[in-house]
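Report on the following structure.
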Amino acid sequence: MSKHKGAALTLSQVSKRFGETDVLHGVDLSIEPGSFVAIIGKSGCGKSTLLRVILGLEPASTGHVSSDSDAAHARLVFQEPRLLPWASVAANVAVGLGERGDGPEGVAAAREALADVGLAAKADDWPSTLSGGQRQRVALARALVSHPTLLALDEPLGALDALTRIEMQSLLENVWQAQGFTALLVTHDVGEAVALADRVLLIDAGRVALDQPIDLPRPRRRGDAAFAALEGAILERLLDAPASAEAR
Amino acid sequence: MSRYQDRKERFPLAWIVPGVLLFLWQVSASLGWLPATILPAPSAVLAAGWALTLDGTLPANLGVSTLRALAGLVIGGGIGFGLGLLTGLSRISERLLDPTLQMVRNVPHLALIPMVIIWFGIEEEARLFLVALGVFFPIYLNTLHGIRNVDPQLIEMGRVYGMSPRRLFRRVILPGALPAILVGLRYALGIMWLTLIVAETIAAKSGIGHMAMAAREFMRTDVVVLSILIYALLGKLADSATKALERRFLRWNPAYRR
Ligand SMILES: Nc1ncnc2c1ncn2[C@@H]1O[C@H](COP(=O)(O)OP(=O)(O)OP(=O)(O)O)[C@@H](O)[C@H]1O
Ligand SMILES: [Mg+2]
């Protein structure tokens, strides 16, 4: 598989407000190309908003987001699979290619992306015949088929059972290592963040409250003492963090 | 699978009651208990159907009625679908048009018959107008409803994945609205035949309804019953056609898969 360069990102003084609500204020951040960054924080702290601002789906109120390569190409994986029920699995993946997905090359690329997530055999099935985990893998294939330089994932595994989650985490780690995109993963699960990320960002009161590098060798094992210590420390910070609402 | 087997088992059972009724009807008519002026024997109805087919009356009238029904459906359904798309896709159009249409909807279209006869006489336009008006509302309402109820998460996905408005419509909105649109079509087909029966019975010089009314003047109850049965058959045919459309276009939906 070809190695695609990851995008580097720089956020300078990014703020976002919705009417009276100040969601992000003055976020400064720079993200290494090809790195895996996890974003955690309490519900409603603005993780999704940060992701959407980075992807340009929401304009920042002030400040700006810049990316190194002019060919920066971002894809988003939602918490739900959001597959088109009336399109075959392969056609759903081809959605990620846009107009290019209509031709035979599109179908071939879609099948290749499906093979990467281990679902080559399901290409011609309807999404309704897949399990929840398989649907989310199709959604991942749809995001990856266009070879993005930035992959943003907003709690993509939140709805899956524990075992499927762990399988999906190693799948995600594998495709990330194989393809070299920059990954931004929003998650509620500190263990997941520590298992996958090079760096964990804790968002609180509209700022990056903790920026924790994770240097554990891969593949990481949840039972390890170093893993558990890091997970415990980050969880502690997450729980200690004053509630966002009070900080406002 | 089990539903399938159920249906197979119920099949012969379902035909017993109609079969017995038909048999009793035929026997009481043959024995003279049921005067032909009240209800002719099934065999007499069949015979009338055969005779009218041979002399060309039935095919001609059937053709005229079918053509009217389809023309009315295309005109009324087309306008309903177009306006449904317009109001479904644009809030401004909805605010501008929908309240008026909802108000007009409360007028039973058959109540307009006296007005329609004054406007068009008993010409072809009168029937077309009534059928078109009748099928307009179910198609309009269901198209609007279908578009409004397309999963907003899918629409957001389409936008985030860079679909142009046209592509979004073709790949997400239209297929998402299709189940509702087909429900509308099914209602519309029912209304289509009903409207045509009334319109042809009251004001027509041809068609199945006219054939029935003409037969009534000569107390030809066999022809009247024949006409009624043909309407029933046409209604069933239209219903099966929409079911076939649903199976074809909604294959993806487990509820429609065989
Ligand atoms: N479009 C919007 N309009 C108004 N307020 C919004 C909008 N989007 C988000 N918000 C507000 O911004 C805040 C942060 O929302 P966001 O969805 O980013 O939180 P989150 O960290 O992703 O939460 P969760 O973990 O529950 O997904 C919330 O208070 C929310 O109400
Ligand atoms: Mg969120």
Side-chain angles (χ1 to χ4, degrees), chain A residues 48 51-58 72-102 106 110 113 124-130 135-136 138-146 148 150-156 159, chain B residues 1-4 81 84-85 88-89 142-143 145-186 242-258:
Chain A
S48 298
L51 219 52
R52 298 179 66 84
V53 168
I54 291 175
L55 293 180
L57 301 174
E58 299 266 10
H73 168 56
R75 279 300 188 216
L76 174 62
V77 178
F78 304 90
Q79 176 165 2
E80 320 77 22
R82 303 200 189 185
L83 304 178
L84 302 175
W86 41 84
S88 71
V89 165
N92 265 289
V93 174
V95 165
L97 293 168
E99 313 269 336
R100 286 184 298 133
D102 295 342
D124 299 317
D125 292 2
W126 298 114
S128 61
T129 63
L130 303 182
R135 284 178 209 180
Q136 199 57 308
V138 175
L140 184 61
R142 177 179 63 195
L144 293 176
V145 69
S146 57
L150 172 65
L151 183 68
L153 308 105
D154 195 351
E155 300 183 39
Chain B
M1 197 55 178
S2 70
R3 245 171 79 194
Y4 215 29
F81 181 63
L85 288 186
L89 295 173
N142 284 284
T143 304
H145 172 82
I147 289 181
R148 275 294 134 80
N149 282 288
V150 175
D151 186 353
Q153 293 195 330
L154 289 182
I155 295 178
E156 191 196 15
M157 184 281 294
R159 293 224 173 90
V160 170
Y161 274 75
M163 287 188 188
S164 63
R166 247 188 82 177
R167 200 171 167 77
L168 193 68
F169 175 74
R170 265 200 31 237
R171 302 292 299 273
V172 181
I173 296 175
L174 191 57
L178 201 57
I181 295 173
L182 288 178
V183 167
L185 180 64
R186 211 143 135 192
T242 25
K243 277 206 184 117
L245 283 181
E246 283 176 350
R247 273 202 300 274
R248 165 72 185 78
F249 288 110
L250 307 182
R251 268 174 311 170
W252 52 269
N253 188 332
Y256 292 98
R257 217 173 288 142
R258 281 192 293 181

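Predicted model, so just to flag it, every value in this text is computed and none were measured. In what follows, chains are A, B, ... by sequence order, proteins preceding strands, each numbered from 1.
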Chain B contact via A:Leu76 - side chain, backbone, both or neither, heavy atoms under 4.5 Å: both
Spacing of A:Ser128 atom OG and B:Arg251 atom CZ [to the nearest 0.5 Å]: 12.0 Å
Reported CG-to-CZ distance for the pair A:Asn92 and B:Arg171, which is rounded to 0.5 angstrom: 8.5 Å
Any pair counted as salt bridge (Lys or Arg N to Asp or Glu O under 4.0 Å), so long as it reaches residues 86-95 of chain A, sequence neighbours left out: none
Parallel under 30°, tilted from 30 to 60°, perpendicular over 60°: which one fits the rings of B:Tyr161 and A:Phe78? tilted
Answer yes or no: is there a side-chain heavy-atom contact under 4.5 Å between B:Val160 and A:Arg82? no
Would you sort out whether B:Met157 and A:Leu84 count as a side-chain contact (heavy atoms from CB on, under 4.5 Å), showing the intermediate values? CA-CA 10 Å; B:Met157 184 281 294; A:Leu84 302 175; 3.9 Å; yes
With side-chain contact (heavy atoms from CB on, under 4.5 Å) as the criterion, how do A:Glu80 and B:Asp151 come out once you've worked through the C-alpha distance, each side chain's angles and the decisive distance to 0.1 Å? CA-CA 12 Å; A:Glu80 320 77 22; B:Asp151 186 353; over 6 Å; no
Cut-off 4.5 Å, heavy atoms of chain B, and the answer for A:Leu83 is backbone
Heavy-atom pair count under 4.5 Å with chain A, highest-scoring of B:Gly176, B:Gly162, B:Ser164: B:Gly176
The interface call for B:Arg159 against chain A, heavy-atom contacts under 4.5 Å, is neither
A:Ser146 versus chain B, the contacting section by heavy-atom distance below 4.5 Å: neither
Examine whether an atom of A:Arg52 lies under 4.5 Å from a heavy atom of chain B, and if so say whether it belongs to the side chain, the backbone or both; otherwise answer neither. side chain
Identify the residues of residues 177-185 of chain B whose heavy atoms come closer than 4.5 Å to a heavy atom of chain A, ordered by number, or report 'none'. none
When only pairs under 4.5 Å are counted, which of A:Gly56, A:Ala143, A:Ala91 shares the most heavy-atom pairs with chain B? A:Ala143
